[in-house]
2 protein chains.
Amino acid sequence: MRMSEGVEWAIHSCLNLTWLEPGEAVPAARLAAFYELPAAYLNKQLQALARAGILASTPGPRGGFRLARRPEDITLMDVVAAIEGPEEAFRCEEVLRRGPGEHEGVDYRRRCLVSQSMRRAELAWRRELAGQTLAGLRDSVERRSPSAPAETRAWFAALRT
Amino acid sequence: MRMSEGVEWAIHSCLNLTWLEPGEAVPAARLAAFYELPAAYLNKQLQALARAGILASTPGPRGGFRLARRPEDITLMDVVAAIEGPEEAFRCEEVLRRGPGEHEGVDYRRRCLVSQSMRRAELAWRRELAGQTLAGLRDSVERRSPSAPAETRAWFAALRT
DNA sequence: GCTACAGTACTCGGATAGATCATGTCCGAGTGGCCAAGG
DNA sequence: CCTTGGCCACTCGGACATGATCTATCCGAGTACTGTAGC
């Protein structure tokens, strides 16, 4: 069970976008350069975020990606779900159905106690992620490094490097 | 992020093993037949459980697998870790290290707030899994289906089917 | 000087290869049981 | 009848194919800017 590398990139990139002027768009290539990431592949992840309604994209010169809604309304769960997909990590394949006994019309995804336990654990994980917003994360970073917003904004404003 | 199919098989198989006579071993093929699973592949998963010290294995006739310790001392976390490996789902690759700024001797796996948030969520998941023992699960099943232990034991005792 | 227009550079978006891991299968090493032969 | 030795069947364990998914890359469609020509 390995989470995609793109999740880390996506969260950090979204965080950087929170520090830009409202309405300002940044090309994927520039976001990638910030962390020296492969541009085309990061672009792919950003597309997924755009499809999920987290980012908004504009093509052409002066185009790029920007947050589609307020950082207060974007949770880590949203970002993870956009990259990894909405399905759960533990997939109950209902092995009980193939075991001995009667199985007519029984939904083992709900009835099976093993499935319930696994689901409960995963729910705790999701709840924790859903409790963290991009705004909260941004504020925490700013408390630790008050210069981060200005520095990041300056870096993206600069033409090179 | 998809969990291995083997996790579901492993938990159900361990559960079945809790209902056997103490010290009685069951071949992988027989455990697989219970849920109509591919025997050789289930065998592979059971080997992982044996390496993790959850099951004990004996080769030769009358051999097979049995629980290596009491069901009270086996958690779902143990089983999942045995199959999926001990590493975390979210791997912090420390992208911050490649970003602008100073990075000498900084452990971003601990310092990065993104990494911390993801880690906290995953910890909630692990804690939930670690709170569920095989014994607890077994008792829940027995409360719902009091005949389960006897039926399961009888099925494994029967020579065919 | 102002406007219209064509060319150009830039960006996303999806389609296309390669690498890595999960899935599934197979055969060999070792062990215990069984059977027969001998005492 | 009891013991002993060899044979055989059974089981795990790891090595070997196969397929799906993650990773990485490339090129085309569309857009906004820019520079120029005409009025």
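Proteins get letters first, then strands, A, B, ... in listed order; numbering begins at 1 in each.
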Legend entry - Validation row, ring centre B:F34 to ring centre B:W155 under 6.0 Å: yes

Inset, instruction - Nearest whole angstrom, please: distance from the P of D:dC22 to the CZ of A:R2. - result: 8 Å

Inset, instruction - Would you kindly give the OH-to-P distance between A:Y41 and C:dG18, to the nearest whole Å? - result: 17 Å

Inset, instruction - Could you verify whether a donor N or O on one side chain and an acceptor N or O on the other, from A:W19 and A:E142, lie under 3.5 Å apart? - result: yes

Inset, instruction - Please check the phosphate of C:dT11 (OP1 and OP2 only) for any side-chain N or O of A:S57 closer than 4.0 Å. - result: no

Legend entry - Sugar-phosphate, base or nothing in reach of A:A25, heavy atoms under 4.0 Å: nothing

Inset, instruction - Quick one: do A:S13 and A:N16 satisfy side-chain hydrogen bond (donor to acceptor under 3.5 Å, both in side chains)? Show the steps, please. - result: CA-CA 5 Å; A:S13 295; A:N16 281 339; 5.5 Å; no

Legend entry - Distance in angstrom units between B:R62 CZ and C:dG33 P, rounded: 8 Å

Inset, instruction - Convert the base pairs of DNA chain C into dot-bracket notation, remembering that pairs crossing earlier ones are written with [ ] and that bases paired across to another strand are shown as |; include only Watson-Crick or G-U pairs under 3.5 Å. - result: |||||||||||||||||||||||||||||||||||||||

Legend entry - Rounded distance in Å - CD (B:E5) to P (D:dG19): 18 Å

Legend entry - Between D:dT23 (P) and A:E8 (CD): distance, integer Å: 11 Å

Inset, instruction - Answer with base, sugar-phosphate or nothing: what part of the nucleic acid does B:A29 contact at a heavy-atom distance below 4.0 Å? - result: nothing

Legend entry - More than 12 heavy atoms of other groups within 6.0 Å of A:R110 CZ: no

Inset, instruction - Name every residue in residues 77-93 of chain B that has at least one heavy atom under 4.0 Å from any atom of DNA chain D, in order of residue number, or write none if there are no such residues. - result: B:R91

Legend entry - DNA chain D contacts among residues 42-51 of chain B, heavy-atom distance under 4.0 Å: B:N43, B:K44, B:Q47, B:R51

